[in-house]
Amino acid sequence: MILLKPLALKNLNYSVNEEQGPGTVIGNIAKDAKLGLGQGGQGKKSNFRVLENSAPHLIDVDPESGLLYTKQRIDRETLCRRNPKCQLSMEVFANDKEICMIKVDIVDINDNSPTFPSDQIDIDISENAAPGTRFPLTSAHDPDAGENGLKTYQITRDDYNLFSLDVKSRGDGTKFPELVIQRPLDREERNHHTLILTATDGGEYPRSGTMQIHVKVIDSNDNSPVFEQPSYVVEIPENSPPGKVLIDLNATDPDEGSNGQVVYSFSGYAPDRIRELFSIDSRTGVIKIQGEIDYEENPIIEIDVQAKDLGPNPIPGHCKVTVNVIDRNDNWPSIGFVSVRQGAISEAAPPGTVIALVRVTDKDSGRNGKLQCRVLGNVPFKLEENYDNFYTVVTDRPLDREQQDEYNVTIVAKDNGTPPLNSTKSFTVKILDENDNVPRFTKAVYLLQVPENNIPGEYLGSVLALDPDLGQNGTVFYSILNSNVSGGDVNTFVNVNAANGAIYAVRSFNYEQIKFFDFKVLAKDAGSPHLESNTTVRVSVLDVNDNIPVIVLPLLLNDTAEIHVPRNVGVGYVITTVRAVDNDYGESGRLTYEISDGNEEHLFEMDPVTGEVRTSHPFWEDVSPTVELIIRVMDHGKPTLTTAARLIVKAYSGPLPGGEPHINEEHHNWDTSLPLIVTLSIISMMLLAAMVTIAVKCKRENKEIRTYNCRIAEYSHPQLGKGKKKKINKNDIMLVQSEVEERDAMNVMNVVSSPSLATSPMYFDYQTRLPLSSPRSEVMYLKPTANNLSVPQGHGGGCHTSFTGPVTNTTDTPSNRMSIIQLEIWKERERELESWRYGKRERDRENEREVGCMATGRSCCTSWRESGAGDIMTNRFRLIFRKMYYVLKSTPDLFNLTSLHSRFIAELQ
């Protein structure tokens with residue numbers, strides 16, 4: 001697509017002699033205008049297109065080479081007639097870029113001789129004609145111009161020198177002869193004279209033409225008609241209507257009779273064009289218009305008029321009427337499109353892009369020929385004036401195809417005449433689409449609704465994005481932006497049709513799991529580059545009554561529960577409260593309770609809202625000690641879902657059966673979760689108090705027995721506290737039979753260090769009484785297994801001791817054992833008393849820390865845990881907790897906390 005970029009106009013002037021044959025080369029436009037080959041575009045050949053040609057039958061331009069040549073013989077006289085300047089004009093559009101204004105002057109050659117309208121004329125002259133009297137003669141015509149045109153006249157064969165010739169010029173430059181009488185004539189001496197009038201041109205080789213003048217001398221008519229003025233000047237507008245009086249001439253003759261009667265006529269040498277345009281009344285001398293007066297053809301017209309009387313031998317009088325034609329605004333401006341852009345223009349074209357090249361002309365002159373041009377209407381185009389009435393149509397502002405895809409550009413040209421004349425001419429400009437519009441959704445947020453338990457693949461709704469662009473630029477594709485919904489990929493919830501924006505469910509939704517979710521849909525067009533936008537879609541899941549009510553209280557076994565009710569409780573006694581849950585919401589989750597069957601005697605009634613079952617008969621147990629009630633729970637959804645349970649109500653006398661809850665009216669307003677929360681809180685407080693009690697009790701027993709422990713040894717042997725600690729696990733302790741009390745083997749067990757701990761030279765046998773019914777431990781004796789006592793190298797600050805050596809049997813007597821034990825105990829007590837004075841504060845802090853550990857449930861107590869008692873107590877508490885779980889599980893009603901508390905205390909003891 002070629003962008004029009006007008007350059008400066010090139011003016012080329014050529015000349016060619018007339019009478020040249022066809023095919024004569026006048027000039028080379030490409031060479032003379034300095035246009036190189038291919039300048040029209042890269043890889044393109046030069047091209048020349050004739051826009052305007054004043055004589056297309058005479059000259060033309062070769063469209064490829066740019067040669068200007070003649071098409072036929074040119075006759076300047078035929079082409080330009082009397083016009084002194086004969087010129088052909090042509091406008092050539094070269095290489096679709098430059099305009100060449102070409103002028104071709106037709107050079108006249110002297111190929112025509114002057115000619116007279118006739119070969120001879122007759123002139124009657126009275127013998128009384130005074131010398132100096134003039135007689136205009138017919139002019140010769142020479143089609144040639146300039147120097148080759150008519151130059152002069154001469155008269156010959158005047159044997160008596162009676163006549164002379166005077167050559168005069170008209171306003172248009174043409175020359176005409178006048179015969180002048182030099183001497184008086186005498187008819188009686190000679191009544192006829194023959195003269196030769198020769199017209200000669202000014203060519204290099206002059207050519208001439210002749211005409212005979214026959215002068216007849218007649219008897220005298222003494223006076224000639226005389227005009228009031230020898231010349232007249234008249235102004236007349238062009239296009240004056242035929243019949244309009246141009247001038248009223250008046251000539252007078254003092255003679256009487258026919259000698260004084262004057263007749264008017266155009267001179268014999270007046271051209272035919274004068275006789276076509278005007279007429280003269282021979283009697284009155286009134287000249288009228290009878291043809292079309294055109295200023296552009298003849299701005300000045302000269303008329304030669306003669307007047308003669310009707311007497312014998314009249315001598316005519318002459319005058320000249322000069323007509324100045326006043327220009328009228330009678331020519332409409334002419335608009336021509338030199339070049340118009342082919343194809344559509346992109347809407348992205350910048351302002352100033354050339355659309356067309358226009359030329360505007362007006363044949364009128366002056367103000368009537370001055371033009372004003374503009375583009376009609378509110379369109380994004382304007383005219384820029386270039387040269388010599390050439391205009392370019394350019395874009396005035398950015399284009400937008402979406403607002404208007406086609407413009408009808410109308411050029412208006414108006415002159416400055418009175419009244420002004422204007423012309424219009426139009427052409428069409430189509431706008432080419434560009435991808436300049438982002439797809440825009442019709443809504444900022446789309447709200448979609450879907451009932452839960454929908455079918456996967458179900459249609460949810462559609463999104464719509466509009467793109468006013470055309471074709472691929474306006475084709476919108478939809479996709480879902482990656483995001484997470486409830487921890488999952490959004491594409492596992494919904495998908496969108498890429499072509500039409502329809503949104504479908506990928507899965508079945510559950511209102512109880514997700515009530516709504518948001519995601520974004522992306523709209524992207526197929527243009528280049530892509531343009532995109534997004535919108536938010538909110539999918540709301542509508543609740544459907546899809547959950548059946550579930551009865552949670554009382555606890556059911558095979559949809560049946562037994563309720564024990566004391567006798568004689570009267571009317572209004574709450575025997576139980578039925579509780580049910582429904583995961584649905586709203587009306588679908590609102591429940592109603594009723595007794596559907598088994599209450600034909602109306603012994604009981606049920607609150608439809610709270611689910612409380614009350615006695616409605618004061619002696620119901622007498623009517624039926626055992627009643628089977630069918631309880632039905634229904635929601636208010638559509639359709640209604642129901643569930644049923646069987647309550648077996650039994651009457652009894654005496655205390656409640658074990659674990660059976662006692663229900664009275666004081667608890668009928670309790671929430672179901674409140675008893676459970678209170679129960680768990682009480683159990684936690686009781687466990688915490690029990691653990692603190694056991695910890696404190698263990699500490700107290702250790703202080704009373706004063707057994708050997710690592711802390712006492714550490715105070716007594718401070719150098720031993722820097723070795724590596726070795727922790728004693730309960731797996732390193734095994735139970736053996738006591739050597740002292742073999743007869744009490746059922747109740748007393750010995751704790752002996754495991755051989756896996758034998759890492760030091762000394763081995764100790766700890767014999768500890770562990771009655772299974774009491775947590776108290778008593779040290780019986782301490783027996784060394786080697787002769788040398790060595791200090792362990794790797795014990796720490798807690799009850800961690802390393803031992804070396806195998807377990808050996810001893811045969812020492814009890815008395816020896818006891819003496820050793822007493823000695824050791826005495827020494828140990830001495831050392832403990834000494835350390836007590838210095839370490840009381842440290843021990844108190846340690847005790848406080850261990851009690852805090854027990855209270856928080858952390859296993860950070862050293863002496864209690866490492867001695868094995870902590871592991872045993874932990875197992876025991878684990879057993880208690882397991883029993884308490886089964887107690888809670890087997891309890892049908894949680895309102896009777898007294899029974900639960902008593903069971904826990906019994907297990908703890």
Side-chain angles (χ1 to χ4, degrees), residues 549-581 591 593-633 643-680 682-683 883-907:
V550 177
I551 298 176
V552 296
L553 284 178
L555 299 178
L556 302 178
L557 181 61
N558 295 328
D559 295 332
T560 303
E562 282 192 7
I563 306 298
H564 297 275
V565 181
R567 293 178 179 271
N568 301 323
V569 293
V571 177
Y573 180 81
V574 179
I575 63 172
T576 187
T577 299
V578 177
R579 290 290 187 184
V581 295
L591 302 178
Y593 303 87
E594 67 176 9
I595 301 174
S596 62
D597 195 9
N599 196 26
E600 291 78 3
E601 302 294 335
H602 301 288
L603 303 179
F604 302 95
E605 63 180 4
M606 189 173 192
D607 191 308
V609 177
T610 62
E612 293 179 347
V613 181
R614 301 173 179 268
T615 58
S616 62
H617 194 283
F619 305 107
W620 65 272
E621 62 271 16
D622 297 333
V623 177
S624 178
T626 301
V627 180
E628 291 186 7
L629 301 177
I630 304 301
I631 304 300
R632 186 172 68 171
V633 182
T643 186
R646 175 181 297 176
L647 297 183
I648 301 176
V649 182
K650 295 181 178 182
Y652 72 96
S653 300
L656 290 173
E660 189 72 26
H662 178 73
I663 301 175
N664 52 41
E665 295 182 357
E666 296 178 359
H667 304 95
H668 69 277
N669 291 325
W670 284 16
D671 190 0
T672 307
S673 59
L674 182 60
L676 182 60
I677 295 174
V678 173
T679 303
L680 295 178
I682 295 175
I683 293 175
K883 290 183 178 181
M884 289 305 301
Y885 168 75
Y886 287 110
V887 169
L888 292 174
K889 184 177 180 182
S890 60
T891 302
D893 199 328
L894 299 179
F895 293 109
N896 193 349
L897 301 180
T898 306
S899 175
L900 182 63
H901 179 266
S902 60
R903 290 191 180 186
F904 177 73
I905 295 300
E907 290 293 336

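Atom set for the values below is all heavy atoms of this structure, side chains included, hydrogens, waters and symmetry mates excluded.
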Taking it one step at a time, do E628 and R646 satisfy side chain to side chain contact (heavy atoms under 4.5 Å, CB included)? CA-CA 7 Å; E628 291 186 7; R646 175 181 297 176; 3.9 Å; yes
What distance separates [X] [atom1] from [Y] [atom2], expressed to the nearest 0.5 Å?
{"X": "I563", "Y": "L629", "atom1": "CD1", "atom2": "CG", "value": "9.5 Å"}
{"X": "E594", "Y": "D607", "atom1": "CD", "atom2": "CG", "value": "12.5 Å"}
{"X": "T576", "Y": "E562", "atom1": "OG1", "atom2": "CD", "value": "12.5 Å"}
{"X": "R579", "Y": "I551", "atom1": "CZ", "atom2": "CD1", "value": "12.5 Å"}

Show the numbers, then the answer: is there a side chain to side chain contact (heavy atoms under 4.5 Å, CB included) between T615 and F604? CA-CA 5 Å; T615 58; F604 302 95; 3.8 Å; yes
Donor-acceptor pair, distance only, cut-off 3.5 Å: does the side chain of Y593 make one with the backbone of A580?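 Checked: pair present.
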Output yes when a side-chain donor or acceptor of S616 lies under 3.5 Å from a complementary backbone atom of L603, and no otherwise. yes
For the residue pair [X] and [Y], what are the closest heavy atoms and their distance?
{"X": "L647", "Y": "P554", "result": "CD2-CG, 3.9 Å"}
{"X": "P618", "Y": "V571", "result": "N-CG2, 3.5 Å"}
{"X": "H602", "Y": "H617", "result": "O-CB, 4.4 Å"}
{"X": "G598", "Y": "V627", "result": "O-CG1, 3.7 Å"}

Residues two or more places apart in sequence or in another chain: which of them pass side chain to side chain contact (heavy atoms under 4.5 Å, CB included) with D597? E600, I630
Side chain to side chain contact (heavy atoms under 4.5 Å, CB included) partners of V550, counting only residues at least two apart: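 V550 satisfies side chain to side chain contact (heavy atoms under 4.5 Å, CB included) with V581 only.
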Would L553 and T577 count as a side chain to side chain contact (heavy atoms under 4.5 Å, CB included) if you check the C-alpha gap in whole Å, the side-chain angles of each, and the deciding distance to 0.1 Å? CA-CA 7 Å; L553 284 178; T577 299; over 6 Å; no
